[in-house]
Protein chains: 2
Amino acid sequence: MPPGRPRAFDPDVALDAAMLLFWRHGYEGTSLAALTAAMNINTPSLYAAFGTKDQLFQKVLERYLQNPASYLPNALKEPTARKAVQKLFDGAVHMVAHARHPDGCLLVQGALAAGPAAAAVRQQLADTRRRAQLALQRRLERAVTERDLPPHAHPQKLARFLITILWGMSVQAAGGASRRELDEIAAMALESLPN
Amino acid sequence: MPPGRPRAFDPDVALDAAMLLFWRHGYEGTSLAALTAAMNINTPSLYAAFGTKDQLFQKVLERYLQNPASYLPNALKEPTARKAVQKLFDGAVHMVAHARHPDGCLLVQGALAAGPAAAAVRQQLADTRRRAQLALQRRLERAVTERDLPPHAHPQKLARFLITILWGMSVQAAGGASRRELDEIAAMALESLPN
DNA sequence: CCAATTCTGTAACGATCCCTAAAATATCGT
DNA sequence: ACGATATTTTAGGGATCGTTACAGAATTGG
């Protein structure tokens, strides 16, 4: 154990509490007072451990991608494009339906539109969304070269379309869509895959 | 002309300026200081003419639905379901592509996730989104009774799916999607209509 | 010209925003 | 036990938040 007074909190537990707040109320809608209350730490402890609000959000985002949003890279490992997309949407619905999770996706709810103070966070989320789309595109391109998808399939347009539906489902979830409704949307999205 | 000192500004012009700000930066991301600066009026004038920030947003929302978002009810007046949906997505893309308009749809960008202070606005936008979806659903139901859509078509699921794509396009626009990309998404959405 | 009315401009209110300085506390190695 | 180190607690700073009081300015009808 390093010298000095030991931490009275688990950084990962505190980070999870912060993630839930940012996820539910967005970056701008989450105050530091609300964060410290949910994380059960005082403001200086937060700053010592995680830095400013921006930097805390960055750490939350990294954790989000690794922990609840890992369904995306995992789904792309499926052997066929159809199974990959199926698992992708199943994973998304499963994540949102998780009782303890807020509605929607942090990449969308975090900061879709924001004021000047949150412009950096907003841009970072947009970049992350684009990376997700690109990952799906690469997987579909691979499927074409593997004769898994027909040669006339258009991976870029297809990935863009499917990811658009995914973000749209996040908006629907924010509006209170039920799991059954999200499942039916996902099923219809699957039908846009060429045979 | 009523007695008293006349207004030095046009309420509709001021409302348009407020709409652009709310649209671009969201409800929480738009401060009253930014509003008064863009509207070229002082704070007491704003409160006298439009009430509190919530009430101003409500008036902006009404104006948004009448002025740039009227493409939705207009599209539903088309004689066939296919033409209606086509005009719906064309109108959406056209609105977003308008140079002076922010990216996306105010119903999505306005307050998708928000803090406690903006909970009412958030709920109001969710309700408005749901009404839009219901309007499309009613139009598709009419198309089924008119033998315009096949009897096995499912208006509720179909409307939900198409509107999900529409909200997803708003997220894509917020991420910097080009008009061409949005057009291609719209074209793929049209293919989900049954023959 | 005057009273009544309504808007405008200046100023400021309390609350909350994000962030930090300083002192007290708890562990380390010696 | 003691200095060194790192965290906690308490307290508050400067800025901005949404909102409003108040006095001056511009119009009305008489």
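In the text below, chain A, chain B and the rest are named by the order of the sequence lines, each starting its count at 1. Quantities reported herein were computed from a predicted structural model and do not represent experimental measurements.
- Rounded to whole angstrom, the span from the CG atom of Leu35(B) across to the P atom of dT19(D) amounts to 11 Å.
- Residue Leu32(A) contributes atom CG, which lies 15 Å from atom C1' of dG14(D) at whole-angstrom precision.
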- Query: Run the salt bridge (charged side-chain N to carboxylate O under 4.0 Å, His left out) check on Arg179(A) and Asp183(A) step by step: do they pass?
  - Reply: CA-CA 6 Å; Arg179(A) 168 169 196 157; Asp183(A) 267 327; 3.5 Å; yes
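- Rounding to whole angstrom units, OH of residue Tyr27(B) and C1' of dC17(D) are separated by 12 Å.
- Whole-Å rounding puts the Leu46(B) CG to dT19(D) P distance at 9 Å.
- Ring-plane geometry between Trp23(B) and His101(B) is classed as tilted, the angle between the planes lying from 30 to 60 degrees on a 0 to 90 degree scale.
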Show me the protein contacts with nucleotides 20-24 of chain C, counting only N or O atoms at under 3.5 Å.
none

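- In this structure, the CG atom of Leu21(B) is 12 Å from the P atom of dG18(D), given to the nearest Å.
- Rounded to a whole Å, the CG atom of Asn40(A) is 18 Å from the P atom of dT7(D).
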- Item | Pair Arg63(A)-Asp12(A), salt bridge (charged side-chain N to carboxylate O under 4.0 Å, His left out): steps then yes or no | CA-CA 9 Å; Arg63(A) 187 166 175 83; Asp12(A) 284 339; 3.4 Å; yes
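- For the pair Ile41(A) CD1 and dT9(D) C1', the interatomic distance rounds to 13 Å; values are reported in whole Å.
- Place Lys53(B) and Ala8(A) on DNA chain D by their nearest nucleotides, and Ala8(A) ends up nearer the 5' end.
- Scanning for salt bridge (charged side-chain N to carboxylate O under 4.0 Å, His left out) contacts around Glu141(A) gives Arg138(A), with sequence neighbours left out.
- Stacking of Lys53(A) on the aromatic ring of Tyr27(A) is recorded, both the 6.0 Å distance cut-off and the 45° axial limit being met.
- The CZ atom of Arg7(A) sits 13 Å away from the P atom of dT9(D) (whole-angstrom rounding).
- Taking hydrophobic clusters as Ile, Leu, Val, Met, Phe, Trp and Tyr residues chained together by side-chain heavy-atom distances below 4.5 Å, Tyr47(A) shares a cluster with Phe9(A).
- In this structure, Ser45(B) does not reach the dC7(C) phosphate: none of its side-chain N or O atoms is under 4.0 Å from OP1 or OP2.
- At least one side-chain nitrogen or oxygen of Asn42(A) sits closer than 4.0 Å to the OP1 or OP2 atom of dT9(D).
- There is no side-chain donor-acceptor pair under 3.5 Å between Gln86(A) and Asp90(A).
- In this structure, Thr36(A) reaches neither bases nor backbone, as no heavy-atom distance under 4.0 Å exists between it and the strands shown.
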